[in-house]
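Have a look at the structure below, then the notes.
Keep in mind the model is a prediction, meaning the values are calculated, not measured. Positions are given from 1, in the same order as the sequence printed here.
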Amino acid sequence: WPTEADGGGPSLELDLQSPDNSDAASWFIGQPYSPGAPNSLGATNGGDVAITEILYKPLREEYRETFDRVSRGSYMERDTDDFGEYVEITNRGSSPIDLGGWRFTSGIEYTFEEATLDPGAILIVAADPEMTRERFGIENVVGPFRGSLSDGGERITLTDEMGALIATVAYDARHPF
């Protein structure tokens, strides 16, 4: 994974002009923290719903105070934050899609209750929905999902209510994944 994206916030984003989101060449380093903002949509290839962004190693910054014998004062602690993880899906089609009963079955576990994804709309599935809403100022967030996104890479799979494969992608922490 390129050092400029290692833990500093940029996420993996799907090139929507690619018909195969399981191909590593279909993914690129995204802009820093883009939840809630649509990625540029290309031609619809493959299925209408795609996994379009994976934030698997979000950065957490927090001011701390130290009061020991050696040092005193404030400092900035930077570390990864599993609660900031999310997966973004996008409806690339021209019709609304009922997500009721759809599930993430590998990587993370989450079952959608009653939800509709309008054409061109995105939906964030977050480890901590409330924190994601507050941190990024977006409302289209659901969750929490069970598990966590592996910092070393894994496969994420989305199925419909009947268990049919909708989207799957394997990501890796090394470049090229």
*For Arg133, salt bridge (charged side-chain N to carboxylate O under 4.0 Å, His left out) partners two or more places apart*: Glu130
*Looking only at heavy atoms, which two atoms of Ala126 and Thr132 are closest? And how far apart?*
CB-OG1, 3.4 Å
*Do you know the tightest heavy-atom contact between Phe104 and Ile51?*
CE2-CD1, 4.1 Å
*Going from OG on Ser150 to CD on Glu85, what distance comes out if it is rounded to the nearest 0.5 angstrom?*
9.0 Å
*Taking the side chain as every heavy atom from C-beta outward, state whether Leu99 and Leu123 have any pair of such atoms under 4.5 Å apart.*
yes
*So, do Glu154 and Tyr56 sit near enough that their side-chain heavy atoms are less than 4.5 Å apart?*
no
*How far apart are the C-alpha atoms of Asp128 and Glu134, what are their side-chain angles, what is the distance that settles it, and do they pass the side chain to side chain contact (heavy atoms under 4.5 Å, CB included) test?*
CA-CA 10 Å; Asp128 185 332; Glu134 289 175 19; over 6 Å; no
*Below 4.5 Å, heavy atoms only, C-beta onward: do Ile138 and Ile124 meet side chain to side chain?*
yes
*For Pro144 and Ala127, work out which heavy atoms get closest and say how close.*
CB-O, 3.0 Å
*To the nearest 0.5 Å, how far apart are OG in Ser94 and CD1 in Ile97?*
9.0 Å
*Using a 4.5 Å cut-off on heavy atoms from C-beta on, say whether the side chain of Tyr171 contacts that of Leu149.*
yes
*Below 4.5 Å, heavy atoms only, C-beta onward: do Thr52 and Ile89 meet side chain to side chain?*
no
Show the atom names and distances, to 0.1 Å, of all donor-acceptor pairs under 3.5 Å that link a side chain in residues 108-122 to residues at least two apart or in another chain.
{"residue": "Glu109", "atom": "OE1", "partner": "Arg146", "partner atom": "NH2", "Å": "2.4"}

*asked:* Just verifying a value: how many Å separate Phe136 CZ and Met131 CE, rounded to the nearest 0.5 Å?
replied: 7.0 Å
*Shortest non-hydrogen contact from Gly143 to Pro129?*
C-CG, 3.4 Å
*asked:* Go through it in stages, so that I can follow the logic: the residues are Tyr86 and Glu53, the test is side-chain hydrogen bond (donor to acceptor under 3.5 Å, both in side chains), and I'd like the CA-CA distance, side-chain angles, deciding distance and then a yes or no.
replied: CA-CA 8 Å; Tyr86 68 81; Glu53 192 168 340; 2.7 Å; yes
_Donor-acceptor pair, distance only, cut-off 3.5 Å: does the side chain of Thr90 make one with the backbone of Arg92?_
no
*Tell me the side-chain hydrogen bond (donor to acceptor under 3.5 Å, both in side chains) pairs involving residues 157-167, sequence neighbours left out?*
Trp102-Glu161, Ser106-Thr157, Thr157-Thr168
